[in-house]
Amino acid sequence: MEIARDLGVEVRAQITIKHVTPVWIPGRPRRGKDAEDIARLEAALRERGTRPA
């Protein structure tokens, strides 16, 4: 996954979406990839000097 504004989606919004998708779609399990993506996105924010959501 590229850490960017893919399709205009802000990094913080990407983090939020990955956190709440299992809530929005009951029965969808949390995926390991989502946890990895969240960690990567939060690290990118830290590198920019921005706090994660």
Side-chain angles (χ1 to χ4, degrees):
M1 181 183 88
E2 183 175 326
I3 305 299
R5 292 182 180 186
D6 294 340
L7 303 174
V9 178
E10 270 294 328
V11 173
R12 283 190 179 130
Q14 291 180 43
I15 293 169
T16 299
I17 289 166
K18 289 191 175 282
H19 273 293
V20 297
T21 295
V23 175
W24 291 338
I25 306 170
R28 179 174 177 187
R30 288 211 183 264
R31 302 179 309 165
K33 180 185 181 315
D34 291 335
E36 293 167 8
D37 289 348
I38 290 168
R40 193 174 302 119
L41 290 162
E42 288 176 341
L45 287 177
R46 281 192 297 277
E47 286 176 13
R48 288 188 198 169
T50 308
R51 284 188 3 199

Test Lys18 against Arg31 for side-chain contact (heavy atoms from CB on, under 4.5 Å), laying out the working first. CA-CA 9 Å; Lys18 289 191 175 282; Arg31 302 179 309 165; 4.3 Å; yes
Should Gln14 and Ile17 be marked as a side-chain contact (heavy atoms from CB on, under 4.5 Å) after you check the CA-CA gap, both sets of side-chain angles, and the distance that decides it? CA-CA 5 Å; Gln14 291 180 43; Ile17 289 166; 5.8 Å; no
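Expressed to the nearest 0.5 Å, how far OG1 of Thr16 lies from CD1 of Ile38 amounts to 9.0 Å. Once rounded to the nearest 0.5 Å, the distance linking CZ of Arg12 with CD of Glu42 reads 11.0 Å.
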